[in-house]
Number of protein chains: 4
Amino acid sequence: MVTQSGKPAPDTTRRSERSRRAIYDAALALVAEVGYPRTTIEGIAARAGVGKQTIYRWWGSKADVLLEAFLDLSHQASREAGEDFVIPDTGDLATDIKAVLRATVDQLTDPRFEAPSRALAAEGVVNEEVGRRFMTQLMEPSLQLYVDRLRAAQRAGQVRPEIDPRIALEFFISPLAQRWLQYTGPISYEYTDTLVDYALYGLAPR
Amino acid sequence: MVTQSGKPAPDTTRRSERSRRAIYDAALALVAEVGYPRTTIEGIAARAGVGKQTIYRWWGSKADVLLEAFLDLSHQASREAGEDFVIPDTGDLATDIKAVLRATVDQLTDPRFEAPSRALAAEGVVNEEVGRRFMTQLMEPSLQLYVDRLRAAQRAGQVRPEIDPRIALEFFISPLAQRWLQYTGPISYEYTDTLVDYALYGLAPR
Amino acid sequence: MVTQSGKPAPDTTRRSERSRRAIYDAALALVAEVGYPRTTIEGIAARAGVGKQTIYRWWGSKADVLLEAFLDLSHQASREAGEDFVIPDTGDLATDIKAVLRATVDQLTDPRFEAPSRALAAEGVVNEEVGRRFMTQLMEPSLQLYVDRLRAAQRAGQVRPEIDPRIALEFFISPLAQRWLQYTGPISYEYTDTLVDYALYGLAPR
Amino acid sequence: MVTQSGKPAPDTTRRSERSRRAIYDAALALVAEVGYPRTTIEGIAARAGVGKQTIYRWWGSKADVLLEAFLDLSHQASREAGEDFVIPDTGDLATDIKAVLRATVDQLTDPRFEAPSRALAAEGVVNEEVGRRFMTQLMEPSLQLYVDRLRAAQRAGQVRPEIDPRIALEFFISPLAQRWLQYTGPISYEYTDTLVDYALYGLAPR
DNA sequence: CATTAAGCGAGACGGTACGTCCTGTCTTAAC
DNA sequence: GTTAAGACAGGACGTACCGTCTCGCTTAATG
């Protein structure tokens, strides 16, 4: 998807896999250690034992590198975790969503994920392009799972049919996201459970 | 609450009001024009016709400057707007909250506010200290208004008494905030109205 | 000797003697401790417990301050030393001049004098005005003593009458000065004695 | 002779010759135009169209830059001038030295040389390291020429054999240097001729 | 099977901004 | 009216990174 710039596009087949990995590792490590603003391209290159040009050849910006590194990390994690990234369907919507949200709470407080995802979220707030990629590449797949589960619940008569699942899911996701992003309140299992109870009360038919 | 640093702490009584104003104006203008990352302390100083040291004397960072500038802007706006910053109480909770959310939508898309508040929100995501100040100084007062209005609704029997207003308000605020911050969806009056309908359905007694 | 500038000349009668002394002391101490380039007006003021403006009111530059401070120091030294600052006339010109040059060697290596006089000499090299004041106020009186002593020697028939004493004295003074200023060679009693022997051999009648 | 500093020592083979030249030119031009103290590293960099870091990478200080620039200028001048930088030997010592000193007078008053050499001399007075480099790299070669010529004169019986040429040459050089450096008197052909006459009278055998 | 062209590590380069220090002017309150 | 104190506009310092560039080197793939 390289748009035609002035430069002759680099030859992907000759790309050094070893360098790419080293760059991902260095980027994630640095963001975790010193924070995003003090993570520099030079620092990543030095830590990865790589020339700066190798970074500039393949990525357009620090955010780009981190986004890919984080995507890679997420894919690895998915592969390791197996089933965990789907929403269960026990028949009881409340139980199922509570379980998923508890897993989300765990992930949001996992130090391995926290620094880079905060960094990317922040960059995305201010840089629309990064924001949209963060959204489509990282969040969207998860959101779709909620949509699917809510549709199933509608078919089962547990959620009113006129409800738009795409909006309903925000009642579970957004309050948690905001507390995490903006320090508007503490995050806990108790909190997410309450969220689900309040929200489902409104979504269920009378 | 000035913590004892190494420096002798400047004399506030001698501070130049004219410089402060010029710095606020320059900071807000630059963020609007070139974006937060390309807004520099040197740029602010130059535009304000002020020495860099005058900025460093009174603020600790670019984020600090912008936070105060934005607070100042908000206070000005409040003063101009008068009554607009309270939640009306017509007796109909849905109507009242819809009105406030529509005003919020307007503000979030007002170019005068958008750039600086995005910048601050982003900084706050990554810098906890800024995040907490953004929260307590800018958002908290507004949130309290929601709490008050929801309490009144509880007394009027329109909201179930066991609901925690502090959590309930997030159903109105957070989805909108997330769409705005993370480009997770479009923002419109229709959307916020739907939000209120879905949420109140769950909050109201059966 | 304040030339008419735009400013109303300050009132000398109200000048604080205590401040002047403190400034001299601070200036000399700082030059000795950290060297001339790292001696600053602010540093002098702080060390002297004096406002910066007090320095700017009475002196035009750092060099000015130091020049006066050093003059003051020299006058003090003269007063303490009494007779030492005249050239003796024992009748033997060589002996007399050797004695004076040995005293000069001592002074040039006295750490109390070395730092400020090097500083002033250096400033004078590059700043003609300072150079001329250094010359007329500090060196000239001493040079005149040489002229007087050489004239006496001419009257006594120990120096050829056609010799210009003003030039002759440079054979004693300049080589020593250059070695000191420019590190062109070591300084010792033996060296100055040799200088006198070589030079007088040429100045004396055959 | 690179001492082990903390920095990794730049790669000399990759050094930009074009930048070095531009820096020399800018430094000499600025010193001539605005004087040494108002010549800044930033100014040199800007005028040379060079990044500041390029200066800091290769030189340790403003004095360092100027010293090398001046050395380079001198070498250029030597190359252009050819024979002019040796002391002639016509058999008549007085004539030969007078000629050289007249050339020196010319150089000391050549505006191309005056500003930078004053600046370096001044810096050398106050900064021993610079002083010694100024001495060894710029003055020493010329001084050696005097030593050689005086030795030849001793062999020819024109100078007493017990005279140390290294001290004798100071009678020609130092008075002139001091007048130039410290404004202790005017500089002219007549003056240097007199110097030679007075001095040789003492150096010659009876 | 050499040739050649790309990616690579390294790092010098022209720049911009940083945060600190100092300049010389100006203002305030104390004496 | 001088003084101590210190805020101010300005500007240079020396450092850290930016993104571009050029250098030899390794490493496929091709002629």
Side-chain angles (χ1 to χ4, degrees), chain A residues 7-8 10-16 18-19 22 38-46 48-58 60-62, chain B residues 7-16 18-19 22 38-43 45-46 48-58 60-62, chain C residues 7-8 10-16 18-19 22 38-43 45-46 48-58 60-62, chain D residues 7-16 18-19 22 37-43 45-46 48-58 60-62:
Chain A
K7 306 290 159 59
D11 179 346
T12 327
T13 66
R14 311 193 106 185
R15 183 166 184 184
S16 160
R18 139 195 270 280
S19 292
R38 285 165 54 201
T39 295
T40 64
I41 302 261
E42 291 205 335
I44 296 171
V50 138
K52 286 201 290 177
Q53 198 54 44
T54 301
I55 298 184
Y56 285 111
R57 185 160 21 238
W58 301 109
S61 67
K62 184 168 69 162
Chain B
K7 304 289 161 56
D11 180 345
T12 327
T13 66
R14 301 211 138 162
R15 185 165 182 183
S16 161
R18 142 194 266 281
S19 293
R38 285 166 53 204
T39 295
T40 65
I41 301 258
E42 290 205 335
V50 139
K52 283 205 286 178
Q53 201 54 50
T54 300
I55 299 186
Y56 286 110
R57 185 159 24 238
W58 302 109
S61 66
K62 185 168 69 162
Chain C
K7 307 292 160 54
D11 180 345
T12 326
T13 66
R14 312 193 91 176
R15 183 168 184 183
S16 160
R18 138 194 269 282
S19 293
R38 286 166 52 202
T39 296
T40 64
I41 301 262
E42 289 205 335
V50 139
K52 285 203 291 177
Q53 198 54 44
T54 301
I55 298 185
Y56 284 109
R57 183 156 27 236
W58 302 109
S61 67
K62 185 168 70 161
Chain D
K7 303 290 162 57
D11 180 346
T12 327
T13 67
R14 300 212 139 162
R15 185 164 183 184
S16 161
R18 142 194 266 282
S19 293
R38 285 165 54 203
T39 295
T40 65
I41 301 259
E42 290 205 337
V50 138
K52 283 203 286 178
Q53 201 54 49
T54 300
I55 298 185
Y56 285 111
R57 187 161 20 238
W58 302 109
S61 66
K62 186 168 68 161

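Here the structure is a predicted model, which means the values were calculated and not measured. Numbers restart at 1 for each chain; the letters A, B, ... are given by sequence-line order, proteins then strands. Computed from heavy atoms alone, side chains included, the values below leave out hydrogens, waters and symmetry copies.
- The separation between C:R18 atom CZ and F:dA4 atom C1' is 12 Å, rounded to whole Å.
- Considering only the side chain of B:D11, F:dA7 comes nearest among F:dA7, F:dG14, F:dC8.
- When distances are taken from the side chain of D:E42 to each of F:dG19, F:dC13, E:dG14, the shortest belongs to F:dC13.
- One finds no side-chain N or O of C:S16 lying less than 4.0 angstrom from the OP1 or OP2 phosphate oxygen of F:dT2.
- Shown here is A:R15, whose CZ atom has more than 12 heavy atoms of other residues, nucleotides or ligands within 6.0 Å.
- At whole-Å resolution of the value, CD1 in A:I44 and P in F:dC17 are 12 Å apart.
- In this structure, D:G43 reaches neither bases nor backbone, as no heavy-atom distance under 4.0 Å exists between it and the strands shown.
- The phosphate of F:dA9 (OP1 or OP2) has a side-chain N or O of B:S19 nearer than 4.0 angstrom.
- When atom types are taken as modelled, the side chain of C:K62 and the backbone of C:T39 share a donor-acceptor pair closer than 3.5 angstrom.
- Of the candidate nucleotides E:dT25, F:dA4, F:dC18, F:dA4 has the atom nearest to the side chain of C:V50.
- D:T12 and D:W58 make their closest contact through CA-CH2, 3.9 Å (heavy atoms, listed as atom of the first residue, atom of the second, distance).
- Closest approach of D:I41 to D:S61, counting heavy atoms only: CD1-C, 4.4 Å.
- Each of D:K62 and C:T12 was matched to the nucleotide of DNA chain F holding its nearest heavy atom; the match closer to the 5' end belongs to C:T12.
- In this structure, A:W58 does not reach the E:dA6 phosphate: none of its side-chain N or O atoms is under 4.0 Å from OP1 or OP2.
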*Would you mind building the protein contact string for nucleotides 22-31 of chain F? One character per nucleotide, 5' to 3', B for base within reach (heavy atoms under 4.0 Å), S for sugar-phosphate only, - for untouched.*
BB----B---

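- Closest of all the heavy-atom pairs between A:A22 and A:A48 is O-CB, 3.5 Å.
- For B:K52 (side chain) and B:A45 (main-chain N/O), no donor-acceptor pair under 3.5 Å exists by modelled atom type.
- Put simply, the side chain of B:K52 and the base of E:dG19 share a donor and an acceptor less than 3.5 Å apart.
- One finds no side-chain N or O of C:R57 lying less than 4.0 angstrom from the OP1 or OP2 phosphate oxygen of F:dT2.
- Nucleotide E:dA12 holds its C1' atom 14 Å from the CD1 atom of D:I55, rounded to whole Å.
- Where A:A46 and D:A45 each meet DNA chain E at their nearest nucleotide, the meeting point lying more 5' is that of A:A46.
- Rounded to whole Å, the distance from CD1 on C:I41 to P on F:dG11 is 19 Å.
- When the nucleotides E:dC22, F:dC13, E:dC8 are ranked by their closest atom to the side chain of C:T40, E:dC22 comes out on top.
- Distance CZ (A:R38) to P (E:dG19): 12 Å, rounded to an integer number of Å.
- With rounding to whole Å, B:Y56 atom OH is found 12 Å from E:dA17 atom P.
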